[in-house]
Amino acid sequence: MRLTLPLKLVLAAALLVLYAPIAVLIAFSFNSGRRVSVWQGFSFDWYVRAASDARLLEAFGNSLAIAAMATVVATLLGTATAIALWRFAFRGKPLLFGLLGVPVVVPEICLGVALLAVFARTGLMTALPYPASLLPIALAHVAFAFPFVAIVVRARLAGFDPRLIEASRDLGAGEWATLTRVLLPLLRPAMVAGALLAFTLSLDDFVITFFTTGPGTTTFPVLVYSMVRFSVTPEINAASTVLIAVTLALAALAYRFQKPTP
Amino acid sequence: MTLLALEHVTKRFGDTVAVDDLTLDIQAGEFFALLGPSGCGKTTAMRMVAGFETPDGGRILLDGQDVAGTPPEKRPVNLVFQSYAVFPHLSVARNVAFGLEVTGTPKREIAPRVAEALALVKLDQRGDAMPNQLSGGQQQRVALARALVKRPKLLLLDEPLSALDRKLRGEMQSELKRLQREVGIAFLLVTHDQDEAMSMADRIAVMQAGKLEQVGTPAELYARPATRFVAGFFGEMNFLDDGQAIRPERVRLSAGGAARITEAVFLGDRWSYVVDGTLRATISVDGPVFTVDEAVSAGWDLRDVLHLGR
Ligand SMILES: Nc1ncnc2c1ncn2[C@@H]1O[C@H](COP(=O)(O)OP(=O)(O)OP(=O)(O)O)[C@@H](O)[C@H]1O
Ligand SMILES: [Mg+2]
């Protein structure tokens with residue numbers, strides 16, 4: 001289909017709506033003045049300010065640590081779930097498959113409240129001192145992120161030729177060698193895609209984190225929220241720009257990592 | 001020496017009996033074909049030998065040992081799948097090396113054996129290629145090399161040539177035959193193509209609906225078919241009354257008589273006639289020649305009449 005003028009306009013409008021706010025945010029992170037709407041000259045001041053804001057740095061580090069932990073666990077758990085659903089016949093399999101979709105479709109706020117209830121009841125939210133207090137948050141993130149991984153991996157498995165597994169066994173590979181040498185390498189693109197999804201879902205999660213964070217612990221989105229309640233400062237712009245850069249770099253990495261496998 | 005023996009092996013899937021009381025033996029170094037129409041249980045029989053299906057009854061013996069309970073990876077047999085099942089994420093050479101790597105073969109031993117196997121299937125130039133860069137016939141040969149490099153006692157081939165075009169299939173048939181002579185491994189070839197079985201196998205087992213019909217050399221099956229099914233499966237056959245039959249080339253025609261030639265087809269070295277619309281007769285060009293509507297009488301030697309069961 002040819003791109004006619006009206007279509008071009010729609011496309012331009014869509015791109016504008018999608019990217020203009022981000023572009024403005026990035027641009028004003030380099031603004032030398034305090035105002036977020038008037039350009040006053042180029043500078044790295046706000047990056048320096050952000051980098052020396054201990055609270056912001058801590059929250060940023062917390063977010064990365066939580067996302068890293070949640071991603072690793074969610075990827076392993078999601079992949080294992082997908083493989084189990086594909087490989088074995090067992091009672092309640094359709095039920096388990098259905099349940100997998102629940103965290104994906106249930107409104108996040110409900111999941112947040114539910115997790116809050118569990119965490120408050122078990123004392124998980126307040127029992128642990130600071131660095132350890134990130135663990136329950138990561139656990140909450142695993143709970144909502146791993147079904148996404150499982151769904152992505154399962155989609156890849158749907159097109160998988162089971163004869164490849166049999167060929168591997170026939171050539172002398174046991175269950176473990178077949179898993180590590182045939183199944184996992186072929187699932188790698190799906191696992192990378194799932195991991196990236198889990199990472200970004202965790203990194204920018206606000207609702208569930210807000211509900212499961214105890215006093216004295218904060219993550220980047222939660223901190224930004226509390227900061228903007230007073231005012232939007234270019235310092236937040238700078239920190240957000242760094243976050244965007246990190247996510248884009250990861251996406252690029254994942255894309256390159258994924259490419260060579262057919 | 002008997003390498004593989006199936007003793008009264010039966011396999012059911014729900015209500016279908018895929019393999020029904022099958023008894024067979026395959027000798028070491030033999031080229032054996034399992035022949036039968038689609039759905040007769042050939043693949044199922046082969047998968048039981050490889051260890052991917054468990055028999056519901058009977059025993060499978062390899063070198064005299066019952067293999068029940070031995071997983072596929074521990075059986076000294078290898079399978080070439082109909083769909084090839086070449087690993088798409090590994091190069092040709094790594095595909096061939098796979099079976100040696102996973103069984104802990106010393107590194108310095110792997111490279112020469114892979115090279116040797118690739119040379120055997122004439123793929124020594126393509127070791128670094130990825131499977132998606134290969135044609136169907138080449139992928140087929142990767143699957144073959146991958147199995148041969150393991151030096152199994154028995155190689156199982158499930159309709160290995162059915163996905164290839166006619167010309168390539170002919171080439172691969174003679175290549176397979178050459179390979180089998182060179183490596184001296186017993187081959188069990190599954191096929192539904194009687195010409196393929198005839199031209200390649202030392203012995204053929206004919207199956208129908210899960211049951212064994214007859215086992216024998218191609219010449220035996222042709223000359224002395226035991227059942228009507230086998231008789232009709234190889235070459236042309238005139239079925240007479242009371243389970244008797246006669247090959248068209250054994251029918252003799254002479255001029256004059258109550259019968260009439262209804263069809264005459266010239267085939268270069270012989271004529272093919274149809275007498276009275278049913279009886280087929282083929283006669284060498286050196287013999288008498290008849291024309292359509294000519295009156296003839298047909299006869300044969302009683303020794304040439306076949307007596308078939310069922
Ligand atoms: N896993 C299975 N589940 C149920 N039925 C099966 C299964 N495998 C085979 N069958 C049935 O068993 C019978 C024999 O199948 P099999 O695949 O052994 O035939 P085949 O001789 O190899 O046929 P083809 O020449 O078409 O490959 C068929 O009726 C088939 O439908
Ligand atoms: Mg088959």
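Below, chain A is the first sequence line, B the second, and so on; all start at residue 1.
- Residue contact with chain A, scored on non-hydrogen atoms closer than 4.5 Å, involves the side chain of B:F81 exclusively.
- Note on B:K74, B:R75, B:R146: by heavy-atom pairs under 4.5 Å with chain A, the leading option is B:R146.
- For A:T178, no part lies under 4.5 angstrom from a heavy atom of chain B.
- Residues A:G172 and B:V102 approach most closely at C-CG2, 3.8 Å, considering heavy atoms.
- A heavy-atom distance below 4.5 Å is found between the side chains of A:R181 and B:E101.
- Counting non-hydrogen atoms of other residues, nucleotides and ligands closer than 6.0 Å to OH of A:Y19 gives a total of 12 or fewer.
- Using a 4.5 Å cut-off between heavy atoms, A:A177 touches chain B through its side chain atoms alone.
- The two residues A:L164 and B:P88 make their nearest non-hydrogen contact at CD1-CD, 3.9 Å.
- Contact record, A:S168 with B:F98: OG-CZ, 3.5 Å, taken as the closest heavy-atom pair.
- Annotation for B:E182: atom CD counts as buried by contact number, over 12 foreign heavy atoms lying within 6.0 Å.
- With respect to chain A, the highest number of heavy-atom pairs below 4.5 Å among B:L90, B:N78, B:V149 belongs to B:N78.
- At a 4.5 Å heavy-atom cutoff, B:V80 makes no contact with chain A through either its backbone or its side chain.
- Only the side chain of B:R47 comes within contact range of chain A, with at least one heavy atom under 4.5 Å from a heavy atom of that chain.
- Here the closest non-hydrogen pair linking B:H89 and A:P185 is CD2-CB, 3.5 Å.
- Contacts between A:D161 and chain B at a heavy-atom distance below 4.5 Å involve the side chain alone, from C-beta outward.
- Considering all non-hydrogen atoms of both residues, B:E73 and A:A173 come closest at CB-O, 3.7 Å.
- Residue-environment remark: CZ (B:R113) exceeds the threshold of 12 foreign heavy atoms within 6.0 Å.
- The neighbour count for A:F210 CZ, taken as heavy atoms of other residues, nucleotides or ligands under 6.0 Å away, does not exceed 12.
- Taking every heavy atom of both residues into account, B:F52 and A:R169 meet most closely at CE2-CB, 4.1 Å.
- Enclosure of atom CZ in B:R169 by more than 12 non-hydrogen atoms of other residues, nucleotides or ligands within 6.0 angstrom is indicated.
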